[in-house]
Amino acid sequence: MSVRVRFAPSPTGYLHVGGARTALFNWLFARHHGGKFILRIEDTDKQRNTPEAIQVIYDGLRWLGLDWDEGPQVGGDRGPYFQTERDPIYERYFERLRDSGWLYEDAGAWRFRFARELIEMDDLICGKVTIDFTNTEITPDMTIRRPDGSWIFHFANVVDDLEMGITHVIRGEDHLSNTPKHIQIFKALGVEPPRYGHIPLILNPDGSKMSKRDQGASITSYIEGGYAPEAVRNYFCLLGWSPKDDREILPLEEIIARFDVSGINRKGAHFDLAKCDWFNAQYIQQMSADRYRELALPWLTTAGISASPAQLDPVLALEKMKVTHFREIPDRVSFFFTEDYPYDPAAVEKTLRKPGAIERLGQLADTYSALELFDAATLEGRLKELAASLGVKPAEFIHPARVAVSGRSVGPSLYHMLEVLGQARTLARIDRTRKQFAA
RNA sequence: GACCCUAUCGUCCAGUGGCCUAGGACACUCCCCUUUCACGGGAGUAACACGGGUUCGAAUCCCGUUAGGGUCGCCA
């Protein structure tokens, strides 16, 4: 029997990291086993059910690279994939249950009469769990249909999993206590329930339950925060799962090959954005120039910077080892793309106003204007020679030069920065700076 | 409150009875590299929740306690 798993979010207007991680584990499970990953939208809560809220789910999953084999937008022969469109199916199962005596009416609502017995389940992650249904006080019967005819989650969820041929239900631990109830319905229907695996929840750094407002809780915050999806996905994979060999940066193909539900931890994981940031920086460092530019481009465009790949790549390369989030890039490289860059007042005060600084800029410009080869190594050699010949430290030239051409006291390696800037622009910038800050 | 799950450095993981004076990573501190900021390299601080068993031997198995989380809806 081939594996069929599903991610069944309800549209709430955002995609929670916990949900995304659940989707990711289902997806990995499906890909590992060559099965199907199905997306089903549990949109029975009419108030929150908006096109925008559903779009957020699509966007989040697609961003993380979690493509679904069946579901909205891609179709499939077990649809429809929106619960609001599955009424006739629920009706059919409802009648079946009612006619075989499992249901009874109570104040207009329909309730499912639990079998009063012990329900044993063998969870893929938590192991054997037994729930005692013999006490009606502790486990009262369950409503499955409201007086207005609408369906309760437990019922619709079970019917959908059954109808869609779901073989493994991998979901958050918050459903662990619900599962025996679901198994009861499967048994009443005379159907073998799927295998269940409950993954631990993701907690805030302080151990509290992560909710909407918490930092890093929403997938949108990663999309808008300048993260590389492959980095975030890699970090999420390691939240509750590991390859067992201490490696952390892993290519997706390898994760798919090694992923296994039995390797999922039973302990809730505290979310650590600092580590997620580290993954992002690592991925950026190891990224191809094309991918790096591709991810940087939207940020540059938004900042009003437009240039050809040929112009962009050398500049971006200068910052590759320093960037943690793509959103930092426009600010880091802006001075390359305008001659009207601002001078940081603190840098001016500390460096350009230093006695002799402007004069040294003139000496450096003289040296550099004579150069025929304007590459980093030459630039460094000449600057150091110049400093030595005048008996001053290279820093006396380096710092003013940096401020002169960039307006800042921090930035890329000076010589590489000048090489990328080119001789003409370098000399023009030094010249203009000298005039502007001449004593 | 009842029921269920869980319990190794601050955090994420490794560890499934002897290889553990507990390993890796993030974060933090220090050093090196670098006359910027980073990257990189090196070093360091830091944990088996507690109490009982079982065993020649326990982080690993059992019981209890404590703590954390989850579920108890005509929400999903």
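These values consider heavy atoms only, across backbone and side chains, with no hydrogens, waters or symmetry-generated copies. Below, read A as the first sequence line, B as the second, and so on, with proteins coming before strands; counting in each chain starts at 1. Not measured: the values here are computed from a predicted model.
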**Message:** Taking only the C1' atom of each, what is the distance from B:A14 to B:A76 in whole angstrom?
**Reply:** 36 Å
**Message:** Once you apply a heavy-atom cut-off of 4.0 Å, does A:Ala281 come out as touching a base, just sugar-phosphate, or nothing?
**Reply:** nothing
**Request:** Any strand is fair game: report the nucleotide pairing with B:A49 by Watson-Crick or G-U wobble, both distances under 3.5 Å, or none.
**Result:** B:U65
**Test item: side-chain donor near acceptor, A:Asn157 and A:Arg171, under 3.5 Å** = yes
**Asked** Side chains of A:Asp160 and A:Tyr90: do they bring a donor and an acceptor to under 3.5 Å?
**Response** yes
**Request:** For nucleotides B:C26 and B:G64, find the distance between their P atoms and express it as a whole number of Å.
**Result:** 40 Å
**Per A:Ser177 side chain, nearest of listed nucleotides B:U11, B:A76, B:G70** = B:G70
**Fill in**
Ranking B:U71, B:C74, B:A27 by distance to the side chain of A:Ala274, first place goes to B:A27
**Between B:A47 and B:G42 - P atom distance, rounded Å** = 23 Å
**Item:** Nearest-neighbour nucleotide for the A:Ser413 side chain, B:U36, B:A76, B:U11 considered
**Value:** B:U36
**Message:** If only side-chain N and O atoms count, and only distance matters, is there a donor-acceptor pair under 3.5 Å linking A:Thr351 with A:Arg402?
**Reply:** no
Below 3.5 Å is the cut-off: list the nitrogen or oxygen pairs between protein and nucleotides 58-69 of chain B, distance only.
none

**Item:** Heavy-atom side-chain contact between A:Phe37 and A:Phe29 under 4.5 Å
**Value:** no
**Request:** Tell me yes or no: between the side chains of A:His325 and A:Asp277, is some donor less than 3.5 Å from an acceptor?
**Result:** yes
**Asked** Of A:Ser409 and A:Lys128, whose closest RNA chain B nucleotide lies nearer the 5' terminus?
**Response** A:Lys128
**Message:** For a quick check of understanding: with a heavy-atom distance under 4.0 Å over all strands, which category does A:Gly108 fall into, base, sugar-phosphate or nothing?
**Reply:** nothing
**Message:** Let's test your reading of the model: under 3.5 Å, does the base of B:A27 pair with the side chain of A:Lys275 as donor and acceptor?
**Reply:** no
**Ion pair check, A:Asp245 and A:Arg258, cut-off under 4.0 Å** = yes
**Prompt:** Between B:C4, B:C75, B:G15, which one does the side chain of A:Ile152 approach most closely?
**Reply:** B:C75
**Message:** Please tell me whether A:Tyr343 and A:Phe437 form a close aromatic pair, meaning their ring centres lie under 6.0 Å apart.
**Reply:** yes
**Message:** Using a heavy-atom cut-off of 4.0 Å across all strands, would you classify A:Lys350 as base, sugar-phosphate, or nothing?
**Reply:** nothing
**Asked** In terms of side-chain heavy atoms of A:Val129, which of B:C13, B:C5, B:G10 is nearest?
**Response** B:C5
**Request:** Among the candidates B:G40, B:U36, B:A76, find the nucleotide nearest to the side-chain atoms of A:Gln285.
**Result:** B:G40
**Request:** Please tell me which of the listed nucleotides, B:U36, B:A27, B:U6, lies nearest to the side chain of A:Lys267?
**Result:** B:U6
**Asked** Using the benzene-type ring in the case of Trp, are the ring centres of A:Tyr222 and A:Phe236 under 6.0 Å apart?
**Response** yes
**Asked** Does some side-chain heavy atom of A:Phe7 sit less than 4.5 Å from a side-chain heavy atom of A:Trp68?
**Response** no
**Asked** Rounding to the closest angstrom, what is the interatomic distance between B:A22 and B:A58 at atom C1'?
**Response** 13 Å
**Asked** Is A:Asp141 salt-bridged to A:Lys181, cutoff N-O under 4.0 Å?
**Response** no
**Message:** Among B:C26, B:C74, B:C13, which nucleotide has an atom closest to any side-chain atom of A:Pro147?
**Reply:** B:C74
**Request:** Strictly below 4.0 Å, heavy-atom distances to any atom of RNA chain B: list the hits from residues 312-322 of chain A, or just say none.
**Result:** A:Met321, A:Lys322
**Prompt:** Heavy-atom distance under 4.5 Å between the side chains of A:Thr22 and A:Asn26, does that happen here?
**Reply:** yes
**Message:** Starting the side chain at C-beta, find the nucleotide from B:U71, B:C74, B:C12 nearest to A:Asp174.
**Reply:** B:U71
**Prompt:** Are A:His198 and A:His175 close enough that their ring centres sit under 6.0 Å apart?
**Reply:** no
**Message:** Measuring from the side chain of A:Cys126 (C-beta onward, heavy atoms only), which nucleotide among B:A2, B:C5, B:C13 has the closest atom?
**Reply:** B:C5
**Request:** May I ask you to list the residues of residues 250-266 of chain A, by number, that have any heavy atom positioned under 4.0 Å from an atom of RNA chain B?
**Result:** A:Asn265, A:Arg266
